[in-house]
Novice: 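Would you mind keeping the following structure in view while I ask a few things?
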Amino acid sequence: MTGLGAKIVVILTPRTMTGTRSLIMTSGSASHLFATMLASVHTAAGAVLGGSADLSRVVVEPPRDPTHGDMATNAAMVLAKDAGKKPRELADALAEALRADALVEKVDVAGPGFINLTLKAHVWGDALRAVLATGNEYGRGTIGAGQKVNVEYVSANPTGPMHVGHGRGAVFGDALASLLDFAGFDVTREYYINDAGAQVDVLARSAYLRYREALGEDIGAIPEGLYPGDYLVPVGKKLAEEQGDKLRAMSEAEWLPLVRAKAIAMMMDMIREDLAQLNVHHDVFFSERSLIEGADQVGGTIATLRKSGEVYEGRLPPPKGGNLEDWEDREQTLFRSTAFGDDVDRPLLKSDGSYTYFASDIAYHKSKYDRGFTDMIDVWGADHGGYIKRMQAAVKAVSGGKAALDVKLVQLVRLLRNGEPVKMSKRSGDFVTLREVVDEVGRSAVRFDMLYRKNDAVLDFDLTKVIEQSRENPVFYVQYGHARGHSIFRTAQNEIAGFPTDAAARLERLKNAKVELLTDEGEFSIMRKLALYPRMIEAAATAHEPHRVAFYLYELASEFHSQWSRGGKESPHLRFIIQNDPEKTVARLALVQGIVTVLASGLALLGVDAPEEMR
RNA sequence: GCGCUCGUAGCUCAGCUGGAUAGAGCAUCGGACUUCGAAUCCGAGGGUCGGGAGUUCGAAUCUCUCCGAGCGCGCCA
């Protein structure tokens, strides 16, 4: 991070997470089975059509109907038009070329021109071996290619404790960052501290009141417009401890900066603790105030944009739906965001001459670009949706079109208790904090629950249901899958002579399993699912959608539970542990090891515990 | 009035960036515990993917247009 300019005040905090940050590139060719087959299809297409064909729309995917084979490609249908051939005709030619592939057992052409591939039986066993061989690193992708990406999330105002809505953004951003890291990007996790607006002055005045209270004064009711929450009581006490009654003799202009700085620092400590409790961490905390104190980077950015014609003095039309009573038509400093697709140009200076929040935000995102990020992701609450276009416009402007910003909106969290909505209002000080919720239900339940749906869907978070920890909560289903795998290992230690108790020794033993003994359809299905994991990681990372990981894990756990239950009294030969057949048992335990490895890997990405027993 | 995000089974939600007969959980009904954990599994019923039009070999997915919901709409952050 040597690119950090000296002028930029950032606080770098050491990451205490155990997650690896190293990029392990499986160098060279395709990193997983689907990518390998896609490459084979590309080769076949090149042989049939020559090198000039546009292959970008060709995909290799698992067919919805498993009787269609192991993989299917749309290549013939996508390429037919450019090739000037009928899809079926082209499919036949491609199929012929693919039959020569070393991994392919059978090729069929079906429907409008699908090419269905059935792979040789050993391929899936090889895939399972790959899971055991790479362990925790299985699924790590290369599509990021080490590219720097900045993920900004939480960025809650330092004026009080975090509520559940903040928690959703935190969990989403954290999981997305982990996912991108795993997909091979060089990820920086960032928090933007809004410590420069009017709201932190209100915070300071509120804290000053608590300071006077701490000195023994009767402050009565908290006046309207100040933060009433008692989380400021410790700030007042601390100020009294450190400053005595010195501040009381000062004018507001004198004490405010002191009190403000102390209050912000303590609020940030509190927020960091709340985040740590959720296992959410950041690499960089970036202060908005640092943009205007000392060298004025906001002014500098505006001046630069003015030179390039993207900032000008002008008038705006009055807002359409809003109240027009206090509307004053005046000339102001505007950013030409309409040149980048926004609906209206946006003001940079308030009527009192100070910068708007947007102006600071432009300078902030310019700093990201200056630090080498051309790939930026911001995670915002849904109420900031109207802000996206102007911010994307600003990123294009300050980077000369070289950087792109993706904004992920996390929708509202409706907090319920016994089906009744719980009111949340930071101003009243009467709200359920994130901390309370995490204390009640644990971070794993909170995180999985919040990641088990798309970020842009409204989330009903019913405290009663989550507290019940009923089977409706999918986190337990997945965790139970992981625990069940380890339960099987524990049983194997008792029932199979010489089966290792130590995890590393067990792994070594299972790596040598004769996986070709796994021939049951359910076992194949699970091996196929395991082989899909790297592809799912790539797709989820590309789409910036960590919820796909949660759904994948649920499906994998489901297949595992299902296979487990098939080994009942009607089909005892399908049990994982077969007393008189140690070789088959070891092969099946290798499958369990593969499941457990992938479940643990995915849960780690989501920041959810993978317990070895559920008791 | 404009913009953004949505609309999929009775309810809560997926749907792999345009693929083949749209899938899970809950709820309902019917089954499986002398099993390595039944916190599990198996089966059944349940759909005009909000309506309509378009794009093409092919649409829940892309475009347009209506309907409905939530959020936002100088000088708050």
Side-chain angles (χ1 to χ4, degrees), chain A residues 57 59 61-65 68 72 74 77-78 80-81 86-88 110-114 116 155 157 159 194 196-200 288 316-322 326-330 332 334 342-347 349-354 356-358 360-361 381-389 409 411-412 452-454 456-458 460 469-474 476-477 479-481 483-485 487-492 494-495 532 535-536 539-540 542-543 545 547-548 551-552 554-555 558 561-570 572 575-577 585 589 592 613-615:
Chain A
R57 290 173 60 212
V59 297
E61 58 191 354
R64 186 163 296 164
D65 185 343
H68 290 151
N74 61 353
M77 295 176 289
V78 170
K81 189 174 249 181
K86 290 177 183 169
R88 292 286 303 215
F114 285 103
N116 291 328
S155 300
N157 288 344
T159 53
N194 300 134
Q199 82 284 352
V200 284
E288 178 186 1
L316 283 179
K320 288 288 197 264
D326 53 352
W327 166 259
E328 172 204 354
D329 187 27
R330 65 181 179 88
Q332 52 189 337
L334 298 170
D342 198 4
D343 314 302
V344 64
D345 292 338
R346 305 292 177 176
L349 296 180
K350 301 179 197 171
S351 54
D352 66 359
S354 63
T356 61
Y357 179 79
F358 181 50
S360 299
D361 226 351
D383 53 343
H384 291 58
Y387 200 75
I388 295 177
K389 280 186 183 175
L409 294 181
Q411 264 291 354
L412 197 67
Y452 194 63
R453 58 218 332 109
K454 283 189 296 194
D456 48 16
V458 177
D460 282 333
Q469 302 193 343
S470 70
R471 64 181 69 83
E472 281 183 46
N473 195 339
F476 296 105
Y477 187 82
Q479 287 183 320
Y480 179 38
R484 173 168 265 174
S487 169
I488 294 173
F489 292 146
R490 286 190 291 272
T491 304
N494 294 330
E495 298 194 5
L532 215 47
R535 183 178 182 275
M536 182 279 298
T542 303
E545 290 183 349
H547 77 273
R548 294 194 197 186
F551 279 93
Y552 170 90
Y554 188 88
E555 289 164 12
S558 176
H561 288 311
S562 178
Q563 186 66 9
W564 189 93
S565 298
R566 289 180 69 208
K569 63 183 174 187
E570 289 179 18
R575 295 177 59 153
F576 287 96
I577 295 173
T585 298
L589 293 179
V592 173
E613 51 186 337
M614 299 299 286
R615 288 177 211 284

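Convention: sequence-line order gives letters A, B, ...; per-chain numbering from 1.
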Novice: Parallel, tilted or perpendicular for A:Phe358 and A:Tyr387, by the 30°/60° rule?
Specialist: perpendicular
Novice: Can you tell me how far P of B:rU5 sits from OH of A:Tyr387, to the nearest Å?
Specialist: 18 Å
Novice: Work out how far the P atom of B:rU56 is from that of B:rG68, and round it to whole angstrom.
Specialist: 32 Å
Novice: Quick one: A:Asn74 CG to B:rU56 P, roughly how many Å, whole number?
Specialist: 18 Å
Novice: Could you please name the option among B:rA77, B:rU21, B:rC41 that lies closest to any side-chain atom of A:Ser565?
Specialist: B:rC41
Novice: What's the closest nucleotide to the A:Tyr477 side chain, out of B:rC16, B:rU40, B:rA39?
Specialist: B:rU40
Novice: Rounded to the nearest angstrom, tell me the gap between atom CG in A:Asp342 and atom P in B:rG3.
Specialist: 12 Å
Novice: Work out how far the P atom of B:rC62 is from that of B:rC16, and round it to whole angstrom.
Specialist: 10 Å
Novice: What is the separation between atom NZ on A:Lys350 and atom C1' on B:rA77, rounded to the nearest whole Å?
Specialist: 9 Å
Novice: According to a strict under-4.0 Å criterion, is A:Thr356 in side-chain N/O contact with OP1 or OP2 of B:rA77?
Specialist: no
Novice: Under 4.0 angstrom, heavy atoms only, what part of the nucleic acid is A:Ser351 near: base, sugar-phosphate, or nothing?
Specialist: base
Novice: Using whole Å, report how far CG of A:Asp329 lies from C1' of B:rC75.
Specialist: 13 Å
Novice: What nucleic acid atoms does A:Thr542 come within less than 4.0 Å of, heavy atoms only: base, sugar-phosphate, or nothing?
Specialist: base
Novice: Can you tell me, in whole Å, how much space there is between the C1' of B:rA27 and that of B:rC6?
Specialist: 25 Å
Novice: Would A:His384 pass as stacked on B:rG72, i.e. its ring centre under 5.5 Å from the base's six-membered ring centre and planes under 30° apart?
Specialist: no
Novice: Under 3.5 Å, is there a donor-acceptor pair between the A:Arg453 and A:His547 side chains?
Specialist: no
Novice: Select base, sugar-phosphate, or nothing to describe what A:Lys81 touches, counting heavy atoms under 4.0 Å on all strands.
Specialist: sugar-phosphate
Novice: Can you tabulate the close N/O pairs, meaning under 3.5 Å, that link protein atoms to atoms of nucleotides 6-15 of chain B?
Specialist:
from, atom 1, to, atom 2, distance (Å)
B:rC6, OP1, A:Asp456, OD2, 2.6
B:rU12, O2', A:Arg453, NH2, 3.3
B:rC13, OP1, A:Val458, O, 3.1
B:rA14, OP1, A:Lys454, N, 2.7
B:rG15, OP1, A:His547, NE2, 2.9

Novice: For A:Arg484 and B:rA38, is the shortest distance between a side-chain N/O and OP1 or OP2 below 4.0 Å?
Specialist: yes
Novice: Between B:rG15 and B:rG58, how far apart are the P atoms? Round to whole Å, please.
Specialist: 25 Å
Novice: Quickly work out the A:Phe114 CZ to B:rG18 P distance and round it to whole Å.
Specialist: 14 Å
Novice: State, to 0.1 Å, how close A:Leu316 and A:Asp329 come at their nearest heavy-atom pair, and which atoms those are.
Specialist: O-OD1, 4.1 Å
Novice: Looking only at atom P, what distance separates B:rG45 and B:rC64, rounded to whole Å?
Specialist: 39 Å
Novice: From C-beta outward on A:Gln199, which listed nucleotide comes closest to its side chain: B:rC75, B:rA24, B:rA77?
Specialist: B:rA77
Novice: Sticking with atom P, work out how far B:rG23 lies from B:rU65, rounded to a whole angstrom.
Specialist: 32 Å
Novice: Which atom pair, heavy atoms only, marks the closest approach of A:Ile577 to A:Glu495?
Specialist: CG2-OE1, 3.8 Å
Novice: Looking across every strand, which nucleic acid part, if any, lies under 4.0 Å from A:Arg57 by heavy atom: base, sugar-phosphate, or nothing?
Specialist: base
Novice: Just wondering, do A:Phe476 and B:rA39 stack (centres under 5.5 Å, planes under 30°)?
Specialist: no
Novice: Go through B:rA20, B:rC41, B:rC57 for me and flag the one nearest to the A:Ser558 side chain.
Specialist: B:rC41
Novice: Among B:rA77, B:rC41, B:rG72, which nucleotide sits nearest the side chain of A:Asp383?
Specialist: B:rG72
Novice: Going by a 90° cut-off around 0, is B:rU17 syn or anti?
Specialist: syn
Novice: Taking the minimum atom-to-atom distance to the side chain of A:Lys389, which one of B:rG3, B:rC16, B:rA39 wins?
Specialist: B:rG3
Novice: Say you pick atom P in B:rU34 and the same atom in B:rA39; how far apart are they, in whole Å?
Specialist: 14 Å
Novice: Which pair of heavy atoms, one from A:Gly111 and one from A:Arg88, lies closest together, and at what distance?
Specialist: O-NH1, 2.7 Å
Novice: Starting at the 5' end of RNA chain B and moving along, which residue's nearest nucleotide shows up first, A:Ala110 or A:Ala196?
Specialist: A:Ala110
Novice: Nearest whole Å is fine: how far is B:rA20 C1' from A:Arg88 CZ?
Specialist: 12 Å
Novice: Mark yes or no for a side-chain to base donor-acceptor pair under 3.5 Å between A:Arg535 and B:rC16, with no hydrogen or angle criteria applied.
Specialist: yes
Novice: Looking across every strand, which nucleic acid part, if any, lies under 4.0 Å from A:Ala382 by heavy atom: base, sugar-phosphate, or nothing?
Specialist: sugar-phosphate
Novice: Atom CG of A:Leu409 to atom C1' of B:rG3: distance rounded to whole Å?
Specialist: 13 Å
Novice: Using atom P in both nucleotides, what's the gap between B:rU12 and B:rC67 to the nearest angstrom?
Specialist: 24 Å
Novice: Can you identify which nucleotide, out of B:rA38, B:rC16, B:rC41, has its nearest atom closest to the A:Tyr480 side chain?
Specialist: B:rA38
Novice: A:Ile388 near the nucleic acid: base, sugar-phosphate alone, or nothing, with a heavy-atom cut-off under 4.0 Å?
Specialist: nothing
Novice: Quick check on B:rC33: syn or anti? Syn means the glycosidic torsion is within 90 degrees of zero.
Specialist: syn
